[in-house]
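Every heavy atom of this structure was used, including side-chain atoms; hydrogens, water molecules and symmetry mates were not.
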Amino acid sequence: QVQLEESGGRSVQAGDSLTLSCAASGRAFGDYNMAWFRQAPGKDRDFVAAITRPGDTYYADSVKDRFTISRDNAKKTMSLKMNSLTVDDTAVYYCARTPRTAYYVSSGYLMAQSSYNTWGQGTRVTVSS
């Protein structure tokens with residue numbers, strides 16, 4: 001059973017930077033598409049960023065140019081570098097993995113929560129003004 005574990009969430013000030021990490025157990029980490037989602041207080045869980053098997057990246061408009069997703073297949077980890085944080089970035093951040101797919105997938109597939117079948121427990125990020 002594959003497990004995903006997020007880390008790095010904490011309280012920061014607006015304008016700060018923060019890096020979240022997701023560590024995966026199991027084999028063949030590089031064979032899966034990975035993503036970050038987040039759930040703000042009182043809101044639905046939303047797509048943040050995704051990285052595909054070949055390393056293509058996709059971002060929600062709200063984080064584009066501020067957040068960077070990356071992966072290290074050898075270490076079986078994924079990261080989310082977040083810059084210029086605002087209070088609107090306050091949320092619990094979740095790491096997620098799709099089932100094994102074709103090498104190339106659509107952005108629509110990557111942005112849909114229903115595409116992911118493995119989720120971490122989340123790590124909380126609080127941004128204060």
Flag side-chain contact, heavy atom, 4.5 Å: Asp89 against Met82:
no
To the nearest 0.5 Å, what is the distance between OG1 (Thr86) and CZ (Arg66)?
5.0 Å
Rounded to the nearest 0.5 Å, what separates atom CG in Leu85 from atom OG in Ser129?
13.0 Å
Can you run down the ring-ring contact (aromatic ring centres under 6.0 Å, His included) pairs that involve residues 80-112, sequence neighbours left out, and say none if there aren't any?
none
With the 4.5 Å side-chain cut-off for hydrophobic clustering, are Ile69 and Leu18 part of the same group?
yes
Can you check side chain to side chain contact (heavy atoms under 4.5 Å, CB included) on Ser70 and Lys81, steps first, answer last?
CA-CA 8 Å; Ser70 61; Lys81 170 70 171 175; over 6 Å; no
Would a hydrophobic clustering, with Ile, Leu, Val, Met, Phe, Trp and Tyr connected at side-chain separations under 4.5 Å, put Leu80 with Val127?
yes
What's the verdict on side chain to side chain contact (heavy atoms under 4.5 Å, CB included) for Ser79 and Thr19, showing C-alpha distance, side-chain angles and the deciding distance?
CA-CA 7 Å; Ser79 296; Thr19 298; 4.3 Å; yes
Drop me the distance from Lys76's NZ to Ser25's OG, to the nearest 0.5 angstrom.
7.0 Å
Let's go through Cys22 and Glu5 carefully: what are the C-alpha distance in whole Å and the side-chain angles of both, what is the deciding distance for side chain to side chain contact (heavy atoms under 4.5 Å, CB included) to 0.1 Å, and is it a yes or a no?
CA-CA 5 Å; Cys22 173; Glu5 184 174 1; over 6 Å; no
Flag for Asn33-Thr101: side-chain donor and acceptor within less than 3.5 Å:
yes
What distance do Tyr32 atom OH and Leu4 atom CG have between them, rounded to the nearest 0.5 Å?
11.0 Å
Donor-acceptor pair, Ser17 side chain versus Asn83 backbone, under 3.5 Å?
no
Would a 4.5 Å heavy-atom cut-off, applied to side chains only, mark Tyr58 and Thr52 as touching?
yes
Report yes or no: do Leu20 and Phe47 belong to one cluster of Ile/Leu/Val/Met/Phe/Trp/Tyr joined by side chain heavy-atom distances under 4.5 Å?
no
Carboxylate-amine/guanidinium contact Arg38 Asp46, below 4.0 Å:
no
Side chain Arg53, main chain Asp31, donor-acceptor under 3.5 Å
yes
For Gln113, does the CD atom sit with more than 12 other heavy atoms under 6.0 Å from it, leaving out its own atoms?
yes
Hey, quick one: are Leu110 and Phe67 part of the same hydrophobic cluster, counting side-chain heavy atoms closer than 4.5 Å, chains of contacts allowed?
no
Begin from the C-alpha positions of Trp119 and Phe37 and carry the test ring pair (Phe, Tyr, Trp, His ring centres under 6.0 Å) through to its verdict.
CA-CA 10 Å; Trp119 293 83; Phe37 287 77; 5.1 Å; yes
Is it true that the NZ or CZ of Arg71 lies under 6.0 Å from the centre of Phe29's six-membered ring and within 45 degrees of the ring axis?
yes
Approximate separation, where rounding is to 0.5 Å, of Met34 CE and Asn73 CG:
9.5 Å
Are Tyr116 and Met111 linked, directly or through other ILVMFWY residues, by side chains that come within less than 4.5 angstrom of each other?
yes
Other residues, nucleotides, ligands: >12 heavy atoms within 6.0 Å of Lys75 NZ:
no
Starting at OG1 of Thr123, measure out to CD of Glu6 and round the result to the nearest 0.5 Å.
7.0 Å
